[in-house]
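Quick one: the structure is below, questions incoming.
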Amino acid sequence: MSNHSPATDTTIPRTYGVDSLEKKTENKEALQESLGWTPEPRRPMICLPTGMTEQLGGEILKELMAGLLSLPIEIVILGKGSASF
């Protein structure tokens with residue numbers, strides 16, 4: 001499990017800190033590639049590190065999804081959720 005600090009996190013391809021934020025892009029590109037997506041470092045990505053249920057904002061996400069999908073963004077949801085989501 002990650003220690004939640006990108007400067008020392010051994011689960012990401014490239015560590016980075018406030019003095020080396022440009023290295024963060026390498027992690028984003030690695031994630032995009034692992035998902036089978038074309039690496040696009042300048043494309044905005046929304047990451048929701050939780051499953052989707054009614055209690056975890058699933059209904060709100062459903063309402064927003066059409067608008068979100070009309071934007072040139074990527075959405076990553078990590079976790080399990082209820083069958084309706």
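In what follows, every heavy atom counts, from backbone to side chain, and hydrogens, waters and symmetry copies are set aside.
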Contact list for residues 30-51, test salt bridge (Lys or Arg N to Asp or Glu O under 4.0 Å), sequence neighbours left out: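 Those involving residues 30-51 are Glu40-Arg43.
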
Spell out, yes or no, whether Leu48 and Met65 are grouped together once hydrophobic residues are joined by side-chain heavy atoms under 4.5 Å, including indirect joins.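 Linked, Leu48 and Met65 end up in one cluster.
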
Who pairs with Leu35 by side chain to side chain contact (heavy atoms under 4.5 Å, CB included), at least two apart in sequence or on another chain?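 Leu35 satisfies side chain to side chain contact (heavy atoms under 4.5 Å, CB included) with Leu31, Trp37, Val76 once adjacent residues are dropped.
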
Run the side chain to side chain contact (heavy atoms under 4.5 Å, CB included) test against Leu64 and tell me which residues pass, sequence neighbours left out.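 Ile60, Leu68.
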
Distance in Å, Ile46 CD1 paired with Leu71 CG, rounded so as to fall on 0.5 Å steps: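 The distance works out to 7.5 Å.
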
According to side-chain hydrogen bond (donor to acceptor under 3.5 Å, both in side chains), who are the partners of Thr53, at least two apart in sequence or on a separate chain?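 Thr53 satisfies side-chain hydrogen bond (donor to acceptor under 3.5 Å, both in side chains) with Gln55 once adjacent residues are dropped.
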
Qualifying salt bridge (Lys or Arg N to Asp or Glu O under 4.0 Å) pairs with a residue from residues 64-76, counting only residues at least two apart or across chains: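 Residue pairs passing salt bridge (Lys or Arg N to Asp or Glu O under 4.0 Å), neighbours aside: none found.
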
What are the two closest non-hydrogen atoms of Ala30 and Pro13, and how far apart are they?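 Scanning both residues completely, I find the closest heavy atoms to be CB-CG, 3.6 Å.
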
Enter the distance from Ile75:CD1 to Leu61:CG here, rounded to the nearest 0.5 Å.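 CG of Leu61 is found 6.5 Å from CD1 of Ile75.
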
Is Leu21 isolated, or which residues cluster with it under the ILVMFWY side-chain rule of less than 4.5 Å, directly or via members?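 Under the 4.5 Å side-chain rule, Leu21 groups with Ile12, Tyr16.
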
Pair listing, salt bridge (Lys or Arg N to Asp or Glu O under 4.0 Å) test, anchored in residues 14-32, at least two apart: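 Qualifying pairs, neighbours excluded: Arg14-Glu26.
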
What heavy-atom pair brings Thr25 and Pro41 nearest, and what distance separates the two atoms?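 Heavy-atom minimum between the residues: CG2-CB, 3.2 Å.
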
Hey, could you give me each pair passing side chain to side chain donor-acceptor pair (under 3.5 Å) that has a residue in residues 61-71? Not counting sequence neighbours.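 Not a single pair qualifies under side chain to side chain donor-acceptor pair (under 3.5 Å).
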
